[in-house]
Number of protein chains: 4
Amino acid sequence: MGRPGRPRRPETDSAILAATRAALVELGWSKLTMSDVAKRAGVAKTTLYRRWSGRCDLVVDAVAVLFDDLELPDRGSLAADVEGVVLQFAALLARPEAGASLLALVAESTRDQALRQRIRHSIVDRQKRLVLLGRERARLRGELPYEPDPEADGRTADLVFDVIAGAVLHRALVSARPVDEGWTRTFTALLLDGLSPTGARG
Amino acid sequence: MGRPGRPRRPETDSAILAATRAALVELGWSKLTMSDVAKRAGVAKTTLYRRWSGRCDLVVDAVAVLFDDLELPDRGSLAADVEGVVLQFAALLARPEAGASLLALVAESTRDQALRQRIRHSIVDRQKRLVLLGRERARLRGELPYEPDPEADGRTADLVFDVIAGAVLHRALVSARPVDEGWTRTFTALLLDGLSPTGARG
Amino acid sequence: MGRPGRPRRPETDSAILAATRAALVELGWSKLTMSDVAKRAGVAKTTLYRRWSGRCDLVVDAVAVLFDDLELPDRGSLAADVEGVVLQFAALLARPEAGASLLALVAESTRDQALRQRIRHSIVDRQKRLVLLGRERARLRGELPYEPDPEADGRTADLVFDVIAGAVLHRALVSARPVDEGWTRTFTALLLDGLSPTGARG
Amino acid sequence: MGRPGRPRRPETDSAILAATRAALVELGWSKLTMSDVAKRAGVAKTTLYRRWSGRCDLVVDAVAVLFDDLELPDRGSLAADVEGVVLQFAALLARPEAGASLLALVAESTRDQALRQRIRHSIVDRQKRLVLLGRERARLRGELPYEPDPEADGRTADLVFDVIAGAVLHRALVSARPVDEGWTRTFTALLLDGLSPTGARG
DNA sequence: CTATAAACGAGACGGTACGTCATGTCTTATT
DNA sequence: AATAAGACATGACGTACCGTCTCGTTTATAG
């Protein structure tokens, strides 16, 4: 039944991913080396390469699990939900294994189609879930109108996701300033109400 | 007067920076090497290290000049100005020397205080200028109210900058989808009017 | 009677040895690998190691069979017999599986007592047989005197063997020049009559 | 005048060669590694590869100097000179850096034209010198006749060299028995007088 | 007009990581 | 038990860059 040959030890995978995260915390992306990860995991370099094709793939998997923890508890209103997701995402990006690695991976992915899809599937889509869920809830609450055209709805969701994730990421990593309660509140207000003064509308 | 010894050839600096950009276009950040840049510039490695302390500093300078070209022609309205700046910024990020390099540098800067300031001074602040200028113009047009508290005004400008730059950057590089006229228009609408339906306000 | 468990397939041994010789021909001693031999023989690496302790032992056995083919047809005189054995030995050493492997094995054997004995038993003694046989015949023909002391006789046989085998080996592999009819004839003349001009003797 | 660039430290060469010999003594040819030699010599692996293309070339040079020490003091007669050279050569082959390495190199050279010439030039020809010199002296003493045809003379010298070097090499390394005074004497007698009993000649 | 001092090219140098390969052992399921 | 398959720890391979160094050469100012 089982395939021939000695099977891979399954615990090894998670040991390696944990070692990778530890190395990211200690050394950062640019100083992370395969040899070091192997040493930390108590594993041979060949075992690493048997399971991942290189640094990038390895780090994607190591970081991806962090993004699994994102959740969207129902806080009762769209604004509160947005604030919740912003704070959660910011907390994640603030971790040295996550934020910097994500940037570096995305930078690398601009020249690597396969990596781009891997990142999207393992990391980005797991964030976008929250946006979709939040919009669903807001509609049930009547805070957002129903959009009959599913394509237009998707476009809007994408846009909102880019705005939220982009703003937090830029604030936290590019501007390198804290995403605290105050910033989160004003950002959420901007997102919901827009920049124009109330009277300027319509 | 002048210090003794042979003076540095000033053209060399720009030759090296041009070579750096060429290498970024051809190889990308992760495969760019000092030796290769030296070869391209027709310069010895020692000359490179005499003028820059390493890869990161070199690339910051090489990329910074690209961000000097950003301009904000007056298009007559806040919305039009925002669209203009979004498209300009997107065009810049789409260039392989600029977008990916910026991400990689920022990733690296999370563990390097000096680099962070260098990036801020040479790259980020040059973008933020446009936001400040745009807000000034909008006020003169009456599209934005005057904010008496300069600190609050600064916070808002920072927020708007993070939202605009972050959204474009996320769309272009993380989501890896085009920042075209359509997206720009809907993004600008969202920025100005917010997510909530008109009636939900107040 | 028979031990429990599945018995070893006997054909496997010769398949492996043939694969080893093929690998020696194609790759040579230094590039021969156990994995490659296993692959060629259609056999798992474990099977190899169950039957031989390593590369050296395996190659000794693989090469030894070649030395079994050496024969000494009676050509009617000591000189003719010497020429016959020289040409046969030279033909063997010229084969890429044999000559170079023998040298490499002997080189290795200088640090490995067990290997030394294995080579002696499986390879060297099979050559020496011919010398002993040739001397026997020469005595029957009256070309060589009887030596009453068996120990002295053995010493002389050893010496003659070292001279013949050594000269051919050195010519073929160290000097890397052909052991052809001409060389063989002059060598045999030297062996039988010596270097000194006839008159210089006694 | 001098070529541009930092010149190579000349002492490094001999340090590396000494380290190579030390490694050969300690580990033997088959366990000698470039990394280990580099470590012993206090030198980076890259420095090794900058100066030698690989293990074989390195060992040829490391071993060659040993063969420079061979000399042929005039002992008054051809027989005595032969015995002298045999003992010297045997002493050399008995050294673990020399004998086994030579065999291994020659084994490798059967598949490498360049290595073959390198060995010939650096090692073999230095031995052959002694034979040529010895024959010269023997002629002056009247022990050998003058050979008018230089080509025939060369062939004979080659033959004698193969016989002497081959016999000693085979005795010492293949048969693995001592080349002592007794053996040397009987070998020399065989070389000079031949195998046939005196009466069998003519 | 000659010191002297720095810039500059070339390339050697000690390191370190790369990704691959072979070793010999082991763990499976199958025969 | 032997076998095929293949995972595994180990460690060398030869290459590539790193950032530093040591040369000879060139180009400026200062004495």
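Just so it is clear: chains get the letters A, B, ... in the order the sequence lines come, proteins before strands, and each one is counted from 1.
- For the pair B:Arg40 CZ and F:dC17 P, the interatomic distance rounds to 12 Å; values are reported in whole Å.
- In this structure, a donor-acceptor pair under 3.5 Å is present between the side chains of C:Gln113 and C:Arg116.
- Put simply, CG on D:Leu48 is 13 Å from C1' on F:dA12, counting in whole angstrom units.
- With sequence neighbours excluded, the residues that form a salt bridge (charged side-chain N to carboxylate O under 4.0 Å, His left out) with C:Arg9 are C:Glu11.
- The CG atom of A:Leu58 sits 16 Å away from the P atom of E:dA17 (whole-angstrom rounding).
- Side-chain contact between B:Leu17 and B:Val63: absent, with no pair of heavy atoms (C-beta onward) separated by less than 4.5 Å.
- Within the structure, no pair that satisfies the side-chain hydrogen bond (donor to acceptor under 3.5 Å, both in side chains) test touches residues 14-23 of chain C, not counting sequence neighbours.
- Applying the side chain to side chain contact (heavy atoms under 4.5 Å, CB included) test to D:Ala38 and every residue at least two apart in sequence or in another chain returns D:Lys45, D:Leu48.
- Put simply, the residue from A:Asp57, A:Asp61, A:Thr47 that forms a side chain to side chain donor-acceptor pair (under 3.5 Å) with A:Trp52 is A:Asp61.
- Near DNA chain F, defined here as any heavy-atom distance below 4.0 Å, there are no residues from residues 14-35 of chain C.
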In 5'-to-3' order, the base (B), backbone-only (S) or no-contact (-) status of each nucleotide in nucleotides 9-15 of chain E, using a 4.0 angstrom heavy-atom cut-off, is BBBBBBB

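- Here A:Asp36 pairs with A:Ala23, A:Leu27, A:Thr33, A:Arg40 under the side chain to side chain contact (heavy atoms under 4.5 Å, CB included) rule; sequence neighbours left out.
- Straight-line distance from the NZ atom of C:Lys39 to the C1' atom of F:dT3: 18 Å, rounded to whole Å.
- When the P atom of F:dA12 is taken as reference, atom OH of D:Tyr49 falls 11 Å away, rounded to whole Å.
- When B:Val60, B:Leu32, B:Leu24 are each tested for a side chain to side chain contact (heavy atoms under 4.5 Å, CB included) with B:Ser101, only one passes: B:Leu24.
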